[in-house]
Amino acid sequence: MNAPAYNFAYLDEQTKRMIRRAILKAIAIPGYQVPFASREMPMPYGWGTGGVQVTAAILGPRDVLKVIDQGSDDTTNAISIRKFFAKTAGVATTTATAEATVIQTRHRIPETALRENQVLVYQVPIPEPLRFLEPRETETRRMHALAEYGLMHVKLYEDIARFGHIATAYAYPVKVNARYVMDPSPTPKFDNPKMDNCPALQLFGAGREKRIYAIPPYTQVVSLDFEDHPFEPYRFNAPCALCGAEDSYLDEIVTDDQGGRMFVCSDTDYCEGRQAAGHHGSLSAAPYREKAGSHG
Amino acid sequence: MTTIAELPPGFVDKVLSAQSTFRSVMDAMARPGSVQRIVPMAGAPDTMMRGTAAIALTLFDHDTPLWLDARMVESSDLVKWLKFHTGAPVVQDCSIASFALISDGTALPPLDRFALGTSEYPDRSTTVIIQVDSLASGRGFELRGPGIDGVATLQASIKPFDLFERLRINEALFPRGIDVVLVADDAVVAIPRTTRVVSKGS
Ligand SMILES: [Zn+2]
(Lines give C-alpha, C1' and ligand atoms only; values in the text may rest on other atoms or scores of the structure.)
Protein backbone atom coordinates (compact mmCIF):
# COMPACT_ATOMS: atom_id res chain seq x y z
CA MET A 1 0.00 0.00 0.00
CA ASN A 2 1.14 3.52 -0.69
CA ALA A 3 1.62 5.94 2.16
CA PRO A 4 -1.33 8.31 2.45
CA ALA A 5 -0.87 11.42 0.30
CA TYR A 6 -2.13 13.74 3.04
CA ASN A 7 -1.02 14.81 6.51
CA PHE A 8 -2.63 13.38 9.65
CA ALA A 9 -5.88 15.36 10.01
CA TYR A 10 -4.97 17.15 6.75
CA LEU A 11 -3.09 20.14 8.18
CA ASP A 12 0.71 20.35 8.11
CA GLU A 13 2.52 20.46 11.46
CA GLN A 14 3.50 24.12 11.25
CA THR A 15 -0.12 25.14 10.75
CA LYS A 16 -1.22 22.92 13.65
CA ARG A 17 1.37 24.52 15.94
CA MET A 18 0.10 27.99 15.04
CA ILE A 19 -3.54 26.99 15.63
CA ARG A 20 -2.64 25.20 18.87
CA ARG A 21 -0.91 28.29 20.23
CA ALA A 22 -3.99 30.36 19.33
CA ILE A 23 -6.24 27.86 21.13
CA LEU A 24 -4.17 28.10 24.32
CA LYS A 25 -4.40 31.91 24.30
CA ALA A 26 -8.12 31.72 23.56
CA ILE A 27 -8.64 29.52 26.62
CA ALA A 28 -6.54 31.86 28.77
CA ILE A 29 -8.62 34.91 27.69
CA PRO A 30 -12.23 33.63 27.66
CA GLY A 31 -14.38 35.19 24.93
CA TYR A 32 -11.52 37.15 23.31
CA GLN A 33 -11.08 36.56 19.56
CA VAL A 34 -7.52 35.43 18.82
CA PRO A 35 -6.41 36.16 15.23
CA PHE A 36 -4.89 33.20 13.40
CA ALA A 37 -3.57 32.54 9.90
CA SER A 38 -6.49 30.56 8.50
CA ARG A 39 -5.57 28.03 5.81
CA GLU A 40 -7.34 26.99 2.64
CA MET A 41 -9.25 23.81 3.30
CA PRO A 42 -10.57 21.37 0.70
CA MET A 43 -14.11 22.69 1.19
CA PRO A 44 -15.83 26.05 0.66
CA TYR A 45 -15.91 28.66 3.46
CA GLY A 46 -19.62 28.18 4.16
CA TRP A 47 -18.81 24.61 5.14
CA GLY A 48 -17.19 25.39 8.42
CA THR A 49 -13.51 25.69 7.56
CA GLY A 50 -12.80 27.46 10.87
CA GLY A 51 -14.31 24.65 12.90
CA VAL A 52 -12.58 22.08 10.70
CA GLN A 53 -9.18 23.67 11.33
CA VAL A 54 -9.73 23.73 15.10
CA THR A 55 -10.86 20.11 15.05
CA ALA A 56 -7.86 19.13 12.90
CA ALA A 57 -5.49 20.77 15.39
CA ILE A 58 -6.83 18.94 18.44
CA LEU A 59 -7.91 15.56 17.06
CA GLY A 60 -5.94 12.40 17.89
CA PRO A 61 -6.29 8.76 16.93
CA ARG A 62 -8.08 7.88 20.17
CA ASP A 63 -10.80 10.50 19.73
CA VAL A 64 -14.38 9.70 18.84
CA LEU A 65 -15.82 12.40 16.59
CA LYS A 66 -19.41 13.54 16.19
CA VAL A 67 -20.40 16.20 13.64
CA ILE A 68 -23.76 17.95 13.69
CA ASP A 69 -25.34 20.44 11.38
CA GLN A 70 -28.51 22.16 12.67
CA GLY A 71 -28.85 19.32 15.19
CA SER A 72 -28.64 16.56 12.57
CA ASP A 73 -25.79 14.11 12.01
CA ASP A 74 -27.04 13.29 8.53
CA THR A 75 -26.89 16.45 6.43
CA THR A 76 -24.46 16.54 3.50
CA ASN A 77 -22.23 18.95 5.42
CA ALA A 78 -22.08 16.82 8.59
CA ILE A 79 -21.48 13.59 6.67
CA SER A 80 -18.70 15.05 4.54
CA ILE A 81 -16.82 16.53 7.54
CA ARG A 82 -17.15 13.23 9.42
CA LYS A 83 -15.82 11.31 6.40
CA PHE A 84 -13.01 13.84 5.97
CA PHE A 85 -11.65 13.15 9.46
CA ALA A 86 -12.32 9.42 9.34
CA LYS A 87 -10.15 9.36 6.21
CA THR A 88 -7.39 11.81 7.14
CA ALA A 89 -7.08 11.03 10.86
CA GLY A 90 -8.51 7.53 11.04
CA VAL A 91 -10.71 8.51 13.98
CA ALA A 92 -13.79 6.64 15.07
CA THR A 93 -17.01 8.53 14.46
CA THR A 94 -20.37 8.41 16.19
CA THR A 95 -23.76 10.07 16.13
CA ALA A 96 -24.29 9.53 19.87
CA THR A 97 -23.49 12.67 21.89
CA ALA A 98 -22.58 10.62 24.97
CA GLU A 99 -19.96 8.56 23.08
CA ALA A 100 -18.13 11.49 21.47
CA THR A 101 -14.92 13.09 22.79
CA VAL A 102 -14.93 15.85 20.15
CA ILE A 103 -18.16 17.29 18.73
CA GLN A 104 -18.01 19.70 15.82
CA THR A 105 -21.20 21.67 15.42
CA ARG A 106 -22.95 24.13 13.22
CA HIS A 107 -25.95 25.98 14.72
CA ARG A 108 -26.80 23.77 17.73
CA ILE A 109 -25.60 22.58 21.12
CA PRO A 110 -26.66 18.98 21.81
CA GLU A 111 -29.59 18.46 24.20
CA THR A 112 -27.73 15.71 26.08
CA ALA A 113 -25.68 17.43 28.79
CA LEU A 114 -21.97 17.64 27.91
CA ARG A 115 -19.25 16.20 30.16
CA GLU A 116 -15.75 17.09 31.29
CA ASN A 117 -13.97 14.82 28.82
CA GLN A 118 -15.65 16.40 25.80
CA VAL A 119 -14.71 19.33 23.55
CA LEU A 120 -17.38 21.18 21.58
CA VAL A 121 -16.04 22.88 18.41
CA TYR A 122 -18.29 25.50 16.79
CA GLN A 123 -18.19 26.50 13.14
CA VAL A 124 -18.52 30.28 13.14
CA PRO A 125 -19.40 32.40 10.09
CA ILE A 126 -19.21 35.88 11.73
CA PRO A 127 -17.29 35.95 15.03
CA GLU A 128 -17.58 39.67 15.77
CA PRO A 129 -20.75 40.45 17.79
CA LEU A 130 -20.25 44.20 17.25
CA ARG A 131 -19.79 44.00 13.47
CA PHE A 132 -23.36 45.00 12.58
CA LEU A 133 -22.95 48.12 14.74
CA GLU A 134 -19.45 48.96 13.58
CA PRO A 135 -17.91 47.74 10.30
CA ARG A 136 -14.36 48.85 11.10
CA GLU A 137 -12.18 46.18 12.69
CA THR A 138 -9.96 48.79 14.42
CA GLU A 139 -13.07 50.21 16.09
CA THR A 140 -14.56 46.90 17.26
CA ARG A 141 -11.16 45.93 18.62
CA ARG A 142 -11.00 49.21 20.54
CA MET A 143 -14.52 48.68 21.87
CA HIS A 144 -13.58 45.22 23.17
CA ALA A 145 -10.34 46.60 24.65
CA LEU A 146 -12.31 49.19 26.64
CA ALA A 147 -15.26 46.85 27.28
CA GLU A 148 -17.33 49.57 25.63
CA TYR A 149 -20.53 47.65 25.08
CA GLY A 150 -23.12 50.42 25.51
CA LEU A 151 -24.04 50.43 21.80
CA MET A 152 -24.88 46.74 21.94
CA HIS A 153 -27.28 47.36 24.81
CA VAL A 154 -28.82 50.29 22.94
CA LYS A 155 -29.45 48.04 19.93
CA LEU A 156 -31.13 45.38 22.06
CA TYR A 157 -33.22 48.01 23.78
CA GLU A 158 -34.35 49.42 20.43
CA ASP A 159 -35.75 45.95 19.71
CA ILE A 160 -37.79 46.14 22.89
CA ALA A 161 -39.09 49.57 21.95
CA ARG A 162 -40.11 48.35 18.47
CA PHE A 163 -41.29 44.78 19.10
CA GLY A 164 -41.95 44.66 22.84
CA HIS A 165 -39.19 42.07 23.19
CA ILE A 166 -35.62 41.44 22.04
CA ALA A 167 -36.06 40.21 18.47
CA THR A 168 -32.66 38.47 18.14
CA ALA A 169 -33.41 34.74 18.04
CA TYR A 170 -30.03 33.44 16.75
CA ALA A 171 -26.47 34.49 17.56
CA TYR A 172 -27.84 36.18 20.66
CA PRO A 173 -24.88 37.96 22.29
CA VAL A 174 -23.42 36.74 25.58
CA LYS A 175 -20.90 38.11 28.07
CA VAL A 176 -18.18 35.65 29.01
CA ASN A 177 -16.54 35.64 32.46
CA ALA A 178 -18.00 39.13 33.09
CA ARG A 179 -15.66 40.67 30.49
CA TYR A 180 -15.95 40.01 26.74
CA VAL A 181 -19.15 40.22 24.74
CA MET A 182 -19.09 37.21 22.43
CA ASP A 183 -21.08 35.88 19.49
CA PRO A 184 -22.17 32.31 20.27
CA SER A 185 -22.36 31.63 16.48
CA PRO A 186 -25.81 31.22 14.88
CA THR A 187 -27.15 28.86 17.52
CA PRO A 188 -30.74 29.55 18.59
CA LYS A 189 -30.86 31.55 21.82
CA PHE A 190 -32.57 28.50 23.31
CA ASP A 191 -29.06 27.01 23.51
CA ASN A 192 -27.40 29.98 25.25
CA PRO A 193 -28.00 28.72 28.82
CA LYS A 194 -26.14 25.49 27.96
CA MET A 195 -22.94 27.50 27.48
CA ASP A 196 -22.99 28.73 31.06
CA ASN A 197 -20.94 26.73 33.58
CA CYS A 198 -20.61 23.91 31.02
CA PRO A 199 -18.31 21.03 32.09
CA ALA A 200 -16.95 20.69 28.51
CA LEU A 201 -14.42 22.98 26.84
CA GLN A 202 -16.00 25.07 24.04
CA LEU A 203 -13.85 26.21 21.10
CA PHE A 204 -14.97 28.48 18.23
CA GLY A 205 -13.34 28.68 14.80
CA ALA A 206 -14.10 31.26 12.10
CA GLY A 207 -12.22 30.43 8.89
CA ARG A 208 -12.98 33.34 6.60
CA GLU A 209 -12.65 35.87 9.43
CA LYS A 210 -9.55 34.13 10.84
CA ARG A 211 -10.52 34.07 14.51
CA ILE A 212 -10.41 31.47 17.27
CA TYR A 213 -12.09 31.97 20.63
CA ALA A 214 -13.02 29.82 23.59
CA ILE A 215 -15.10 29.32 26.69
CA PRO A 216 -13.21 27.26 29.29
CA PRO A 217 -15.22 24.70 31.29
CA TYR A 218 -17.18 26.03 34.29
CA THR A 219 -17.13 29.61 33.05
CA GLN A 220 -19.91 32.13 33.52
CA VAL A 221 -21.75 32.91 30.27
CA VAL A 222 -24.58 35.43 30.58
CA SER A 223 -26.99 36.38 27.79
CA LEU A 224 -27.27 40.18 27.58
CA ASP A 225 -30.60 41.43 28.87
CA PHE A 226 -32.31 44.11 30.95
CA GLU A 227 -33.82 44.05 34.41
CA ASP A 228 -37.29 44.78 33.06
CA HIS A 229 -36.81 42.49 30.03
CA PRO A 230 -34.94 39.40 31.21
CA PHE A 231 -33.47 36.91 28.73
CA GLU A 232 -35.90 34.19 27.69
CA PRO A 233 -34.84 31.12 25.72
CA TYR A 234 -37.48 30.67 23.01
CA ARG A 235 -39.01 27.35 22.01
CA PHE A 236 -42.23 26.46 20.13
CA ASN A 237 -44.87 25.64 22.73
CA ALA A 238 -45.41 22.01 21.74
CA PRO A 239 -44.11 18.53 22.48
CA CYS A 240 -41.98 16.75 19.86
CA ALA A 241 -44.30 14.83 17.52
CA LEU A 242 -41.90 11.87 17.47
CA CYS A 243 -40.63 11.50 21.04
CA GLY A 244 -42.92 13.75 23.07
CA ALA A 245 -40.02 15.79 24.52
CA GLU A 246 -41.11 19.06 26.05
CA ASP A 247 -37.62 20.32 26.89
CA SER A 248 -35.88 20.13 23.49
CA TYR A 249 -35.44 22.71 20.72
CA LEU A 250 -37.95 22.02 17.94
CA ASP A 251 -37.88 22.39 14.18
CA GLU A 252 -41.14 23.20 12.44
CA ILE A 253 -41.73 20.84 9.53
CA VAL A 254 -44.33 21.43 6.82
CA THR A 255 -46.01 18.08 6.18
CA ASP A 256 -48.24 18.81 3.18
CA ASP A 257 -49.33 21.63 0.89
CA GLN A 258 -52.52 22.22 2.92
CA GLY A 259 -50.55 24.08 5.58
CA GLY A 260 -50.12 20.98 7.75
CA ARG A 261 -47.12 21.12 10.05
CA MET A 262 -45.50 19.33 12.90
CA PHE A 263 -42.80 20.02 15.45
CA VAL A 264 -39.91 17.61 15.97
CA CYS A 265 -36.63 17.73 17.93
CA SER A 266 -33.86 19.48 16.02
CA ASP A 267 -31.35 17.18 17.79
CA THR A 268 -31.89 13.88 15.96
CA ASP A 269 -29.64 11.85 18.29
CA TYR A 270 -31.60 13.06 21.32
CA CYS A 271 -34.94 12.32 19.64
CA GLU A 272 -33.93 8.84 18.47
CA GLY A 273 -32.51 8.04 21.90
CA ARG A 274 -35.79 9.00 23.57
CA GLN A 275 -37.83 6.94 21.08
CA ALA A 276 -35.54 3.94 21.66
CA ALA A 277 -36.12 4.36 25.39
CA GLY A 278 -39.88 4.09 24.82
CA HIS A 279 -40.96 7.73 24.66
CA HIS A 280 -43.52 8.53 22.02
CA GLY A 281 -45.08 11.61 20.50
CA SER A 282 -48.44 12.05 18.79
CA LEU A 283 -47.13 10.79 15.43
CA SER A 284 -45.18 7.79 16.62
CA ALA A 285 -47.41 6.24 19.27
CA ALA A 286 -47.68 2.53 18.49
CA PRO A 287 -51.28 1.20 18.28
CA TYR A 288 -50.80 -1.32 21.10
CA ARG A 289 -49.77 1.50 23.33
CA GLU A 290 -52.93 3.47 22.66
CA LYS A 291 -54.92 0.32 23.30
CA ALA A 292 -53.13 -0.37 26.52
CA GLY A 293 -53.75 3.24 27.51
CA SER A 294 -57.48 3.05 26.74
CA HIS A 295 -57.83 -0.04 28.91
CA GLY A 296 -56.63 2.11 31.75
CA MET B 1 31.72 20.27 21.50
CA THR B 2 28.62 18.23 20.84
CA THR B 3 27.78 17.65 17.21
CA ILE B 4 24.20 17.70 15.94
CA ALA B 5 24.26 13.93 15.63
CA GLU B 6 25.12 13.61 19.31
CA LEU B 7 22.22 15.78 20.52
CA PRO B 8 19.33 14.02 22.24
CA PRO B 9 16.67 13.03 19.70
CA GLY B 10 13.26 14.66 19.18
CA PHE B 11 9.96 12.76 19.12
CA VAL B 12 10.02 9.33 17.50
CA ASP B 13 6.62 10.05 15.93
CA LYS B 14 6.49 13.82 15.48
CA VAL B 15 2.86 14.10 14.47
CA LEU B 16 1.13 11.91 17.05
CA SER B 17 3.48 12.87 19.87
CA ALA B 18 2.85 16.56 19.29
CA GLN B 19 -0.90 15.95 19.21
CA SER B 20 -0.86 14.01 22.47
CA THR B 21 1.37 16.57 24.19
CA PHE B 22 -0.80 19.43 22.98
CA ARG B 23 -3.95 17.81 24.37
CA SER B 24 -2.28 17.49 27.78
CA VAL B 25 -1.31 21.18 27.70
CA MET B 26 -4.75 22.19 26.40
CA ASP B 27 -6.46 20.22 29.18
CA ALA B 28 -4.10 21.81 31.71
CA MET B 29 -4.92 25.31 30.42
CA ALA B 30 -8.67 24.55 30.33
CA ARG B 31 -8.64 23.13 33.88
CA PRO B 32 -6.21 25.23 35.91
CA GLY B 33 -4.62 23.39 38.81
CA SER B 34 -5.34 19.94 37.39
CA VAL B 35 -2.22 17.82 36.94
CA GLN B 36 -1.91 16.48 33.38
CA ARG B 37 0.63 13.91 32.24
CA ILE B 38 2.78 14.23 29.15
CA VAL B 39 3.12 10.77 27.67
CA PRO B 40 5.34 10.98 24.55
CA MET B 41 8.99 11.20 25.36
CA ALA B 42 11.81 12.82 23.53
CA GLY B 43 15.43 13.12 24.47
CA ALA B 44 15.99 16.11 26.71
CA PRO B 45 19.22 18.04 27.06
CA ASP B 46 20.71 18.74 30.51
CA THR B 47 18.72 21.19 32.68
CA MET B 48 15.58 20.54 30.63
CA MET B 49 12.90 18.24 32.05
CA ARG B 50 11.34 15.73 29.67
CA GLY B 51 7.92 17.43 29.97
CA THR B 52 9.48 20.75 29.00
CA ALA B 53 11.25 19.13 26.06
CA ALA B 54 7.96 17.66 24.79
CA ILE B 55 6.19 21.04 25.12
CA ALA B 56 9.04 22.77 23.25
CA LEU B 57 8.84 20.27 20.38
CA THR B 58 5.05 20.71 20.27
CA LEU B 59 4.65 24.50 20.40
CA PHE B 60 7.91 26.21 19.45
CA ASP B 61 9.03 27.12 15.92
CA HIS B 62 10.65 29.96 13.98
CA ASP B 63 7.59 32.14 14.67
CA THR B 64 8.02 32.00 18.47
CA PRO B 65 10.87 34.08 19.93
CA LEU B 66 12.17 32.24 22.96
CA TRP B 67 13.78 33.57 26.14
CA LEU B 68 15.93 31.29 28.28
CA ASP B 69 17.03 31.88 31.86
CA ALA B 70 20.74 32.18 32.66
CA ARG B 71 21.19 28.54 33.65
CA MET B 72 19.71 27.35 30.35
CA VAL B 73 21.63 29.83 28.20
CA GLU B 74 24.85 28.52 29.77
CA SER B 75 24.11 25.05 28.39
CA SER B 76 25.31 25.18 24.79
CA ASP B 77 23.86 21.72 24.20
CA LEU B 78 20.41 22.89 25.28
CA VAL B 79 20.54 25.94 23.01
CA LYS B 80 21.72 23.78 20.11
CA TRP B 81 19.02 21.20 20.79
CA LEU B 82 16.29 23.85 20.76
CA LYS B 83 17.61 25.45 17.57
CA PHE B 84 17.97 22.13 15.80
CA HIS B 85 14.62 20.62 16.77
CA THR B 86 12.38 23.71 16.90
CA GLY B 87 14.09 26.54 14.98
CA ALA B 88 12.85 29.01 17.59
CA PRO B 89 15.02 32.16 17.72
CA VAL B 90 16.54 32.70 21.17
CA VAL B 91 16.17 36.35 22.19
CA GLN B 92 17.91 38.37 24.92
CA ASP B 93 14.96 40.69 25.50
CA CYS B 94 12.22 38.83 27.36
CA SER B 95 9.64 41.53 26.50
CA ILE B 96 9.46 40.21 22.92
CA ALA B 97 9.35 36.49 23.79
CA SER B 98 6.41 34.22 22.92
CA PHE B 99 7.73 31.69 25.41
CA ALA B 100 10.15 31.86 28.32
CA LEU B 101 11.81 28.79 29.82
CA ILE B 102 12.75 28.98 33.49
CA SER B 103 14.89 26.24 35.05
CA ASP B 104 15.91 28.23 38.11
CA GLY B 105 12.79 29.79 39.61
CA THR B 106 14.79 31.76 42.18
CA ALA B 107 16.11 33.84 39.27
CA LEU B 108 12.71 34.48 37.65
CA PRO B 109 12.70 38.08 36.35
CA PRO B 110 9.91 40.42 37.50
CA LEU B 111 6.85 39.28 35.55
CA ASP B 112 6.14 42.71 34.10
CA ARG B 113 9.36 42.49 32.09
CA PHE B 114 7.77 39.82 29.88
CA ALA B 115 5.33 40.64 27.09
CA LEU B 116 1.94 41.32 28.69
CA GLY B 117 0.00 41.80 25.44
CA THR B 118 -1.90 44.99 24.62
CA SER B 119 -5.50 45.90 25.38
CA GLU B 120 -6.37 45.32 21.71
CA TYR B 121 -4.23 42.16 21.40
CA PRO B 122 -3.90 40.62 24.89
CA ASP B 123 -2.85 37.33 23.25
CA ARG B 124 0.52 38.87 22.29
CA SER B 125 1.98 37.92 25.65
CA THR B 126 4.73 35.64 26.92
CA THR B 127 3.79 32.17 28.12
CA VAL B 128 6.20 31.47 30.98
CA ILE B 129 7.16 27.81 31.43
CA ILE B 130 8.68 27.17 34.86
CA GLN B 131 10.31 23.91 35.91
CA VAL B 132 9.45 23.14 39.54
CA ASP B 133 10.40 20.50 42.11
CA SER B 134 7.02 18.83 42.49
CA LEU B 135 3.40 19.06 41.37
CA ALA B 136 2.36 16.26 43.72
CA SER B 137 3.51 17.39 47.14
CA GLY B 138 4.43 20.58 48.94
CA ARG B 139 2.42 23.61 49.90
CA GLY B 140 -1.31 23.59 49.26
CA PHE B 141 -2.88 26.21 47.05
CA GLU B 142 -6.58 26.92 46.48
CA LEU B 143 -7.42 28.03 42.96
CA ARG B 144 -10.55 29.66 41.57
CA GLY B 145 -11.56 30.97 38.17
CA PRO B 146 -12.70 29.88 34.69
CA GLY B 147 -12.05 26.18 34.09
CA ILE B 148 -12.50 25.33 37.78
CA ASP B 149 -15.69 23.89 39.25
CA GLY B 150 -15.71 25.85 42.49
CA VAL B 151 -12.25 25.41 44.00
CA ALA B 152 -9.27 23.36 42.79
CA THR B 153 -6.51 22.33 45.16
CA LEU B 154 -2.91 22.11 44.02
CA GLN B 155 -0.10 20.56 46.08
CA ALA B 156 3.17 21.84 44.73
CA SER B 157 6.75 22.63 45.58
CA ILE B 158 7.51 25.77 43.57
CA LYS B 159 10.26 28.33 43.29
CA PRO B 160 10.04 31.25 43.52
CA PHE B 161 8.10 30.66 46.76
CA ASP B 162 6.08 33.81 46.14
CA LEU B 163 5.14 32.96 42.52
CA PHE B 164 1.41 33.19 43.18
CA GLU B 165 1.79 36.53 44.99
CA ARG B 166 3.67 37.80 41.93
CA LEU B 167 0.94 36.50 39.62
CA ARG B 168 -1.54 38.80 41.34
CA ILE B 169 -0.46 41.44 38.79
CA ASN B 170 -2.81 39.54 36.45
CA GLU B 171 -5.81 40.82 38.42
CA ALA B 172 -5.17 44.45 37.53
CA LEU B 173 -3.80 43.75 34.05
CA PHE B 174 -6.63 41.60 32.68
CA PRO B 175 -7.24 41.00 29.78
CA ARG B 176 -3.49 41.55 29.45
CA GLY B 177 -1.39 39.23 31.54
CA ILE B 178 0.99 36.32 31.95
CA ASP B 179 0.02 32.68 31.51
CA VAL B 180 2.20 30.21 33.39
CA VAL B 181 2.86 26.55 32.71
CA LEU B 182 4.48 24.59 35.55
CA VAL B 183 6.41 21.42 34.71
CA ALA B 184 7.75 18.73 37.04
CA ASP B 185 9.22 15.82 35.09
CA ASP B 186 6.25 14.53 33.03
CA ALA B 187 3.59 16.43 35.00
CA VAL B 188 2.17 19.75 33.84
CA VAL B 189 -0.13 22.32 35.49
CA ALA B 190 -1.26 25.56 33.88
CA ILE B 191 -2.09 28.81 35.66
CA PRO B 192 -3.71 31.06 33.03
CA ARG B 193 -4.13 34.78 33.73
CA THR B 194 -7.74 34.28 34.89
CA THR B 195 -6.81 32.00 37.81
CA ARG B 196 -6.89 33.46 41.32
CA VAL B 197 -4.82 31.66 43.93
CA VAL B 198 -5.17 31.62 47.67
CA SER B 199 -2.29 29.99 49.51
CA LYS B 200 -3.40 27.55 52.17
CA GLY B 201 -0.02 27.39 53.86
CA SER B 202 1.69 24.03 54.28
ZN1 LIG C 1 -38.09 14.30 19.70
Side-chain angles (χ1 to χ4, degrees), chain A residues 7-9 12-14 16-37 56-63 89 101 116-117 119 138 140-147 176-180 197 199-203 212 214-221, chain B residues 11 13-32 34 39 55 57-64 86-88 98-99 117-125 127 144-150 152 170 174-181 190-195:
Chain A
N7 300 305
F8 178 82
D12 63 274
E13 289 305 293
Q14 190 192 335
K16 283 184 197 160
R17 274 195 300 275
M18 177 267 297
I19 294 174
R20 286 166 178 164
R21 293 192 296 258
I23 290 172
L24 295 179
K25 291 295 183 193
I27 295 169
I29 315 166
Y32 164 73
Q33 301 165 50
V34 182
F36 81 110
I58 70 173
L59 209 60
R62 283 204 294 272
D63 277 309
T101 58
E116 287 199 350
N117 64 348
V119 183
T138 49
T140 53
R141 213 156 254 289
R142 191 189 61 79
M143 290 159 80
H144 284 297
L146 301 172
V176 180
N177 191 34
R179 177 56 178 82
Y180 281 100
N197 204 37
L201 170 64
Q202 300 173 76
L203 300 175
I212 288 171
I215 304 172
Y218 303 114
T219 296
Q220 187 191 57
V221 178
Chain B
F11 288 134
D13 182 332
K14 284 184 186 178
V15 173
L16 297 184
S17 296
Q19 187 276 334
S20 166
T21 301
F22 170 69
R23 281 291 276 275
S24 299
V25 177
M26 183 180 85
D27 286 345
M29 196 62 83
R31 299 171 198 283
S34 72
V39 180
I55 292 171
L57 295 170
T58 300
L59 294 175
F60 299 1
D61 60 25
H62 54 261
D63 289 331
T64 58
T86 76
S98 297
F99 293 95
T118 65
S119 304
E120 276 83 8
Y121 294 95
D123 55 305
R124 295 177 181 174
S125 60
T127 301
R144 295 169 191 274
I148 299 168
D149 186 13
N170 279 333
F174 194 82
R176 302 161 70 213
I178 293 289
D179 308 313
V180 169
V181 175
I191 310 292
R193 66 194 74 182
T194 50
T195 303

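Below, chains carry the letters A, B, ... as their sequence lines are ordered, and counting in each starts from 1.
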Point to revise | Heavy-atom check, side chain of Thr194(B) versus side chain of Asn177(A), under 4.5 Å | key: yes
Point to revise | Proximal component of Tyr121(B), with respect to chain A [non-hydrogen, under 4.5 Å] | key: both
Point to revise | Heavy-atom pair of closest approach, residues Thr219(A) and Gly147(B) | key: OG1-N, 3.7 Å
Exercise for review: Heavy atoms only, distances under 4.5 angstrom: which of Gly177(B), Pro32(B), Ala18(B) has the most pairs with chain A? Name it, please.
Suggested key: Ala18(B)
Point to revise | Residue selection (most heavy-atom pairs with chain A, distance under 4.5 Å) from Pro146(B), Ser20(B), Ala28(B) | key: Pro146(B)
Review point. Do the charged groups of Arg23(B) and Asp63(A) touch, with an N to O distance under 4.0 Å?
Key: yes
Practice item. Starting at CZ of Arg141(A), measure out to OG1 of Thr118(B) and round the result to the nearest 0.5 Å. Key: 8.5 Å
Review point. Hey, which of His144(A), Arg179(A), Arg20(A), Lys16(A) has the most heavy atom pairs under 4.5 Å with chain B?
Key: Arg20(A)
Review point. Quick one: of Val34(A), Leu59(A), Asn197(A), Ile23(A), who has the most non-hydrogen atom pairs under 4.5 Å with chain B?
Key: Leu59(A)
Point to revise | Heavy-atom pair with the smallest gap, counting every atom of Tyr180(A) and Pro122(B) | key: OH-CG, 3.7 Å
Point to revise | Heavy-atom closest contact (Glu116(A) atom, Arg31(B) atom, distance) | key: O-NH2, 2.6 Å
Practice item. Count the heavy atoms belonging to other residues, nucleotides or ligands that lie under 6.0 Å from CZ of Arg142(A), then report whether that count exceeds 12. Key: yes
Practice item. Apply side-chain contact (heavy atoms from CB on, under 4.5 Å) to the pair Met29(B) and Lys25(A), showing each step before the final yes or no. Key: CA-CA 9 Å; Met29(B) 196 62 83; Lys25(A) 291 295 183 193; over 6 Å; no
Practice item. Take Met26(B) and Ile58(A), measure what side-chain contact (heavy atoms from CB on, under 4.5 Å) needs, and give me the verdict at the end. Key: CA-CA 9 Å; Met26(B) 183 180 85; Ile58(A) 70 173; 4.0 Å; yes
Point to revise | Smallest separation among heavy atoms of Ile148(B) and Tyr218(A), with atom names | key: O-CB, 3.5 Å
**Study point:** Contact origin within Ser125(B) toward chain A - heavy atom pairs under 4.5 Å
**Key:** both
Check your understanding: Is it the side chain or the backbone of Asp123(B) that comes within 4.5 Å of chain A heavy atoms, both, or neither?
Key -> both
Check your understanding: When rounded to the nearest 0.5 angstrom, what distance separates CD in Gln14(A) from CG in Asp61(B)?
Key -> 5.5 Å
Point to revise | Contact origin within Val119(A) toward chain B - heavy atom pairs under 4.5 Å | key: side chain
Point to revise | Proximity breakdown for Ala147(A) and chain B, heavy-atom pairs closer than 4.5 Å | key: neither
Practice item. Specify the closest pair of heavy atoms between Gln19(B) and Pro61(A), including all atoms of both residues, with the distance to one decimal. Key: OE1-CD, 4.1 Å
**Study point:** Taking every non-hydrogen atom, the tightest pair across Phe99(B) and Arg21(A)
**Key:** CE1-CD, 3.8 Å
**Study point:** Segment of Ser98(B) engaging chain A (4.5 angstrom heavy-atom cut-off)
**Key:** neither
Review point. Between Asp179(B), Thr195(B), Leu59(B), Thr127(B), which residue shows the highest count of heavy-atom pairs closer than 4.5 Å to chain A?
Key: Leu59(B)
